[in-house]
Number of protein chains: 4
Amino acid sequence: MILRIDPSSPEPLFQQLVNCVKSAVATGRMRPGDKLPSVRELARELVVNPNTVARAFQVLDAEGVTYSRRGSGTFVAEPRPTLRKDEGLRRYRAALDALLADALHMGLDAHDMWGGFEESLAELHFPPRGEEEREDDDE
Amino acid sequence: MILRIDPSSPEPLFQQLVNCVKSAVATGRMRPGDKLPSVRELARELVVNPNTVARAFQVLDAEGVTYSRRGSGTFVAEPRPTLRKDEGLRRYRAALDALLADALHMGLDAHDMWGGFEESLAELHFPPRGEEEREDDDE
Amino acid sequence: MILRIDPSSPEPLFQQLVNCVKSAVATGRMRPGDKLPSVRELARELVVNPNTVARAFQVLDAEGVTYSRRGSGTFVAEPRPTLRKDEGLRRYRAALDALLADALHMGLDAHDMWGGFEESLAELHFPPRGEEEREDDDE
Amino acid sequence: MILRIDPSSPEPLFQQLVNCVKSAVATGRMRPGDKLPSVRELARELVVNPNTVARAFQVLDAEGVTYSRRGSGTFVAEPRPTLRKDEGLRRYRAALDALLADALHMGLDAHDMWGGFEESLAELHFPPRGEEEREDDDE
DNA sequence: GTGGTCTAGACCACA
DNA sequence: GTGGTCTAGACCACG
């Protein structure tokens with residue numbers, strides 16, 4: 001099972017699950033159309049309350065990563081950008097600023113940060129989205 | 001004033017202050033021995049509750065970034081790495097993985113991610129490596 | 001109080017609340033910066049569980065209609081388009097198709113639909129968003 | 001075949017079928033007395049569970065849109081308005097208010113909303129008013 | 001069986 | 001006081 005959770009982490013459980021799924025999809029370990037485990041099944045596996053799993057799925061649905069159908073289950077959605085590019089960039093930059101500031105406080109230097117970034121980016125290996133579909137359509 | 005706060009940010013106010021100070025210290029804008037403003041003074045400037053400032057200072061003290069002397073104020077402490085480097089790198093990579101996966105789902109491509117990374121890194125106006133090790137805290 | 005709920009409606013309670021707030025903001029009855037009632041207070045007024053109100057607020061936050069800050073409350077956000085225009089149009093059209101088909105089944109004719117649309121649109125009176133900020137930036 | 005279903009839509013399958021039939025009847029593509037396909041036949045064509053088709057037919061029968069004769073099949077019924085017109089208009093307006101408020105939050109302007117409305121209305125290929133009142137159900 | 005909604009109540013984090 | 005997370009368990013809607 002790809003989806004794991006660390007109950008001792010300060011990060012909310014449902015948030016961990018959300019990130020887990022996003023990561024799995026982004027790296028190709030889960031593909032569009034794949035069925036996720038059912039809410040109850042996953043809750044049993046992860047030893048959390050079904051509501052917690054349901055909330056994670058709701059978030060994923062809302063962000064367009066998955067879609068759920070009553071009676072059949074939850075599935076990985078086709079990638080379809082819904083956010084404006086400028087909004088996406090804004091959120092990315094905000095998160096990155098915080099992350100790098102934190103990394104600095106943990107004693108990492110620019111070299112470490114570059115290296116980590118390259119490794120992390122490589123994991124997405126990018127072909128699925130079409131390599132370079134540039135869109136300069138933002139204001 | 002180096003210390004700024006964005007009340008509309010989702011990040012807790014005290015946390016913003018903590019990061020702000022850490023950043024200032026890490027980049028050399030504040031140096032060991034420097035005196036921070038008093039809780040009340042800073043609270044007035046930032047228009048926040050003094051409790052919020054006090055909590056930030058308490059956290060900074062606890063993390064060894066500053067030290068407080070009753071009656072005289074709060075000062076920047078000598079730098080001492082609290083985390084082992086590999087642990088820092090591990091956390092950095094984990095956070096970055098989640099962030100980049102998210103960026104992908106938001107419709108960003110590798111070009112966007114690199115660009116944002118470069119900009120974000122530049123904003124740290126990174127201290128030349130080695131400088132942070134110097135001991136001549138001239139003031 | 002602007003916010004009302006009909007417990008006998010088949011529409012989920014939290015969804016009714018979400019629509020209520022969106023409507024109030026869209027028509028100018030609530031304005032950016034306005035504070036919404038607290039989760040507990042609103043739950044008491046509407047005679048629903050606080051979790052139900054909290055969920056509505058989470059949805060509103062996620063859609064950028066409001067923002068919440070622990071310790072201070074939930075506020076109407078500045079209007080800031082986050083969705084791609086094509087995605088917004090797609091969802092609008094889908095909802096409208098269903099609505100019109102339903103109206104047809106209820107015995108309304110084209111004249112009724114036009115009239116209702118004009119009245120409904122008039123309630124937004126539109127000045128707040130700048131009348132005609134055209135954006136042809138979608139593909 | 002007039003009846004289509006989109007399995008990736010959030011709308012329940014049986015509900016889609018119901019609306020489909022209602023729409024076909026309302027626009028004259030199916031006329032009173034017309035025979036609908038059998039449950040099993042339709043289920044095969046649409047690749048859905050026969051239970052789903054049966055439920056749709058049951059709803060249609062209950063709403064008076066169709067009537068079923070054991071052993072011979074399901075037929076389109078004579079039109080008879082089930083709701084008072086003002087009640088229909090009231091519901092239409094209420095739904096439209098919510099929809100337009102939502103559209104506004106999604107960044108659409110009045111121009112977009114009008115355009116979408118016109119397109120959506122056109123798709124109903126509206127029957128000329130009065131035609132739906134005719135009694136000569138020739139077949 | 002599946003997901004969705006709601007309630008009740010506990011506990012935590014923030015100002 | 002505020003909002004946020006999680007659990008437990010009930011009930012409904014769908015296939």
Side-chain angles (χ1 to χ4, degrees), chain A residues 5 7 9-17 35-43 46-61 66-75, chain B residues 5 7 10-18 43 46-56 59, chain C residues 5 7 9-17 35-43 46-61 66-75, chain D residues 5 7 10-18 43 46-56 59:
Chain A
I5 270 187
S9 161
E11 195 181 15
L13 302 181
F14 82 90
Q15 192 61 257
Q16 290 182 50
L17 226 188
K35 186 178 184 311
L36 278 69
S38 82
V39 168
R40 293 158 171 82
E41 184 186 345
L42 195 48
L46 301 177
V47 197
V48 299
N49 190 288
N51 285 330
T52 303
V53 177
R55 170 146 190 216
F57 283 10
Q58 281 163 11
V59 171
L60 289 165
D61 279 11
T66 61
Y67 64 89
S68 296
R69 308 233 297 106
R70 260 205 281 241
S72 28
T74 297
F75 306 84
Chain B
I5 273 187
E11 196 179 16
L13 301 183
F14 88 93
Q15 193 60 259
Q16 288 183 51
L17 228 187
V18 167
L46 302 176
V47 195
V48 299
N49 192 305
N51 289 334
T52 305
V53 177
R55 169 144 189 216
V59 170
Chain C
I5 269 186
S9 161
E11 194 181 16
L13 302 181
F14 83 90
Q15 193 59 259
Q16 291 182 49
L17 226 188
K35 186 177 183 309
L36 277 70
S38 82
V39 167
R40 293 158 172 83
E41 184 186 345
L42 195 48
L46 302 176
V47 196
V48 299
N49 189 289
N51 284 333
T52 303
V53 176
R55 172 149 185 214
F57 283 11
Q58 280 164 9
V59 172
L60 289 165
D61 280 11
T66 60
Y67 62 90
S68 297
R69 306 234 297 108
R70 259 206 281 242
S72 28
T74 297
F75 306 84
Chain D
I5 273 187
E11 195 178 16
L13 300 183
F14 87 92
Q15 193 59 259
Q16 288 183 50
L17 229 187
V18 167
L46 301 176
V47 196
V48 300
N49 192 304
N51 291 332
T52 304
V53 177
R55 169 145 190 212
V59 170

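Model, not experiment: these values are computed from the prediction.
Considering all non-hydrogen atoms of both residues, A:Val39 and A:Phe57 come closest at CG2-CD2, 3.8 Å. What you find for C:Lys35 and C:Ser38 is that their closest heavy atoms are NZ-N, 4.4 Å. When all heavy atoms of D:Asn49 and D:Ala43 are compared, the pair lying nearest together is C-CB, 4.3 Å. The heavy-atom pair separating C:Glu11 from C:Ser9 by the smallest distance is N-OG, 2.9 Å.
For the pair A:Leu46 CG and F:dT7 C1', the interatomic distance rounds to 15 Å; values are reported in whole Å. Taking atom CD of A:Gln58 as the reference point, atom C1' of E:dT5 lies 9 Å away to the nearest angstrom. Whole-Å rounding puts the C:Leu42 CG to E:dC6 P distance at 14 Å. The separation between C:Glu41 atom CD and F:dG3 atom C1' is 14 Å, rounded to whole Å. Atoms CD (A:Glu11) and P (E:dA13) sit 15 Å apart, rounded to a whole Å. If you take CG of A:Leu17 and P of F:dT7, they are 11 Å apart, rounded to a whole angstrom.
Summary of the strand contacts: A:Val48 and C:Ser38 both lie near DNA chain F, and taking for each the nucleotide with the nearest heavy atom, the more 5' one is attributed to C:Ser38.
Rotation axes derived from the C1' atoms of the five outermost pairs at either end of the helix from E:dG1-F:dC14 to E:dC14-F:dG1 lie 20° apart, to the nearest 10°.
Phosphate proximity of F:dT2 to C:Thr74: absent, as no side-chain N or O sits under 4.0 Å from OP1 or OP2.
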Under 4.0 Å protein heavy-atom contacts per nucleotide of nucleotides 9-14 of chain F, with B for base, S for backbone only and - for none: B---BB
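Between the CD atom of B:Gln16 and the CG atom of B:Leu46 there is a distance of 10.0 Å, given to the nearest 0.5 Å. Atom CD1 of C:Ile5 and atom CD of C:Gln15 lie 10.5 Å apart (nearest 0.5 Å).
A search for side-chain contact (heavy atoms from CB on, under 4.5 Å) contacts involving A:Asp61 returns A:Thr66, A:Ser68, A:Thr74, not counting sequence neighbours.
Between C:Leu36 and C:Leu42 there is no side-chain heavy-atom pair separated by less than 4.5 Å. Taking 4.5 Å as the limit, some side-chain heavy atom of B:Leu13 sits within range of a side-chain heavy atom of C:Arg69.
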